[in-house]
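These notes concern the structure reproduced below.
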Amino acid sequence: MRWTTVIRLAKSYSLHRVGKCTVCGKRSLFLAGNLPDRSQMRESLLCVWCRSSSRKRHVALGLMQHFGLPLTSLAENRGALMQRKLYSASANEPIYRAIGEGNPNYIASEFFPDVPAGKQKGGVLCQNLECLTFPNSAFDAVITEDVLEHVRNWHQAVREIARVLKPAGVHIFTVPLCLDRPTVERVRFSGEAVEYLLPPEYHGDPLRGEILAYRNFGIDLLEHLRSVGFETKLLLSSYHDMLRFGIADSIVLISKKLGEPACESG
């Protein structure tokens with residue numbers, strides 16, 4: 001470990017937490033980074049064992065709650081979760097390593113602009129959420145984490161997620177969400193041209209370094225999900241979650257599909 005890292009972690013010592021990781025199941029120390037403010041804690045508090053963030057452990061908690069499993073960890077519930085058809089729009093990350101490796105019922109993907117959907121790059125499946133290659137009613141759950149704000153046509157992406165979910169299937173996802181205002185579009189598209197309506201906002205990405213945020217979601221997101229055929233509940237992190245699991249300042253949306261698929265495969 002570099003001395004600069006040690007110094008940075010020492011400066012954040014008051015924000016570090018201990019608890020049980022809901023992903024790998026180990027008793028862990030959750031390390032806070034050098035955050036500019038506490039509003040970014042959802043992206044921090046990294047498990048020293050599996051490197052899961054606060055947000056990712058909250059998604060894991062939502063997944064276990066939805067399927068009525070003991071609120072221990074994904075690793076400890078691996079056997080039960082292997083009986084479910086799951087799709088995640090993130091590959092080679094802590095949740096995949098906990099329940100996806102060696103699991104034929106777990107499909108993980110990334111989006112590569114230079115690769116056709118359904119093909120692979122470096123052994124990783126490429127999928128475009130606006131046009132998924134999966135058949136109708138294929139999955140019990142779809143997981144997306146801070147993805148929809150980077151999708152050009154997010155309305156189409158939500159319809160596609162509804163299409164590939166089984167009736168009563170669930171979309172468990174996160175987006176940066178503000179509950180006291182409507183969604184704010186940051187860019188406008190004209191063909192391939194991008195018009196900036198607000199100063200560019202970039203989010204960190206493990207594959208691409210930084211990616212442009214097209215919008216900041218607001219409370220009207222819930223109404224749109226209803227119009228597509230989802231019944232959505234918000235899983236808000238609590239003080240108890242902080243003490244037990246190192247989960248802070250996080251919102252997970254759990255959208256249950258009602259009725260038949262909203263659209264057909266294109």
Side-chain angles (χ1 to χ4, degrees), residues 40 42-43 53 55-56 59 87-93 96 107-136 138-139 142-165 171-178 181-230 232 251 253 255 257 261-266:
Q40 298 183 31
R42 66 191 288 272
E43 298 295 339
S53 65
R55 165 171 56 83
K56 197 170 291 289
V59 168
Y87 166 59
S88 172
S90 299
N92 298 324
E93 45 76 50
Y96 171 78
I107 296 177
S109 74
E110 296 286 351
F111 174 64
F112 304 109
D114 58 335
V115 177
K119 302 299 183 180
Q120 293 191 357
K121 180 176 183 178
V124 178
L125 178 68
C126 176
Q127 286 290 335
N128 182 345
L129 286 178
E130 296 177 22
C131 188
L132 295 169
T133 64
F134 308 121
N136 294 347
F139 299 104
V142 170
I143 302 168
T144 67
E145 298 181 58
D146 282 27
V147 171
L148 290 179
E149 67 270 27
H150 304 292
V151 175
R152 178 180 291 203
N153 188 344
W154 72 272
H155 299 86
Q156 175 61 18
V158 170
R159 288 192 291 269
E160 275 290 273
I161 291 169
R163 179 184 66 80
V164 302
L165 279 171
H171 180 203
I172 298 178
F173 70 105
T174 63
V175 292
L177 180 64
C178 187
R181 59 157 175 74
T183 296
V184 175
E185 294 293 335
R186 305 189 63 88
V187 302
R188 182 163 52 209
F189 295 99
S190 178
E192 293 303 314
V194 178
E195 177 187 356
Y196 292 96
L197 306 176
L198 292 169
E201 179 178 293
Y202 293 90
H203 298 167
D205 180 80
L207 291 179
R208 291 162 283 270
E210 287 189 331
I211 49 178
L212 182 65
Y214 296 150
R215 62 194 59 85
N216 302 122
F217 280 108
I219 190 65
D220 54 317
L221 170 61
L222 302 180
E223 177 57 36
H224 178 74
L225 293 171
R226 278 192 292 271
S227 72
V228 174
F230 282 112
T232 303
I251 300 174
L253 295 94
S255 289
K257 175 182 171 180
C263 63
E264 294 298 318
S265 175

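Here the structure is a predicted model, which is why all the values come from computation and not from measurement.
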| Can you name the closest pair of heavy atoms from C131 and A117 and give their distance? | O-CB, 4.4 Å

| said: Between Y214 and W154, does the ring-ring contact (aromatic ring centres under 6.0 Å, His included) criterion hold? Intermediate values first, please. | reply: CA-CA 10 Å; Y214 296 150; W154 72 272; over 10 Å; no

| Check: S53 side chain, K56 main-chain N or O, donor-acceptor pair, under 3.5 Å | yes

| Taking side chain as C-beta onward, heavy atoms only, is F112 less than 4.5 Å from K119? | no

| For the student: nearest non-hydrogen atoms of C126 and V115, plus distance | SG-O, 3.3 Å

| query | Quick check: are there more than 12 heavy atoms from other residues, nucleotides or ligands sitting under 6.0 Å from CZ of R152? | reply | yes

| Does the side chain of V151 come within less than 4.5 Å of F111's, by heavy atoms? | no

| request: Would you check if L221 and T232 make a side-chain contact, meaning some heavy-atom pair closer than 4.5 Å? | output: no

| message | Taking R215 first and then E185, would you say they form a salt bridge - that is, a charged N and a carboxylate O separated by under 4.0 Å? | response | yes

| Any side-chain heavy atom of E145 sitting closer than 4.5 Å to one from V59? | yes

| said: Please report the interatomic distance CG(L198) to CZ(R186), rounded to the nearest 0.5 Å. | reply: 5.0 Å

| field | Any donor-acceptor pair under 3.5 Å from E149 side chain to A213 backbone | value | no

| note | Smallest heavy-atom separation, L177 atom then G218 atom, equals CD1-O, 3.5 Å

| message | I want to check something: taking the side chain as every heavy atom from C-beta on, are I143 and F173 in contact at a cut-off of under 4.5 Å? | response | no

| task | Given side-chain contact (heavy atoms from CB on, under 4.5 Å), test Y87 with V164 step by step and report yes or no. | result | CA-CA 10 Å; Y87 166 59; V164 302; 5.5 Å; no

| request: Report the distance from atom CG of L212 to atom OH of Y202, rounding to the nearest 0.5 Å. | output: 5.0 Å

| Rounded distance [0.5 Å steps], CG in L125 versus CD in Q120 | 6.0 Å

| said: Ignoring hydrogens, what is the shortest heavy-atom contact between T174 and R42? Give both atom names and the distance. | reply: CB-NH2, 3.8 Å

| E43 and R55, any side-chain heavy atoms less than 4.5 Å apart | yes

| What heavy-atom pair brings H224 and S227 nearest, and what distance separates the two atoms? | O-OG, 2.6 Å

| Straight-line distance of R159 CZ to L132 CG, nearest 0.5 Å | 12.5 Å

| Min side-chain heavy-atom separation V228-I161 under 4.5 Å | no

| So do L129 and E160 actually touch side chain to side chain, heavy atoms under 4.5 Å? | no

| field | Considering all heavy atoms, the nearest K257-R163 contact | value | NZ-O, 4.0 Å

| query | Roughly how far, to the nearest 0.5 Å, is the NE2 atom of H150 from the NE2 atom of H203? | reply | 5.5 Å

| said: Closer than 3.5 angstrom, by distance alone: can the side chain of E130 be matched with the main-chain N or O of N153 as a donor-acceptor pair? | reply: yes

| Donor-acceptor contact present, side-chain N216 to main-chain V184, <3.5 Å | no

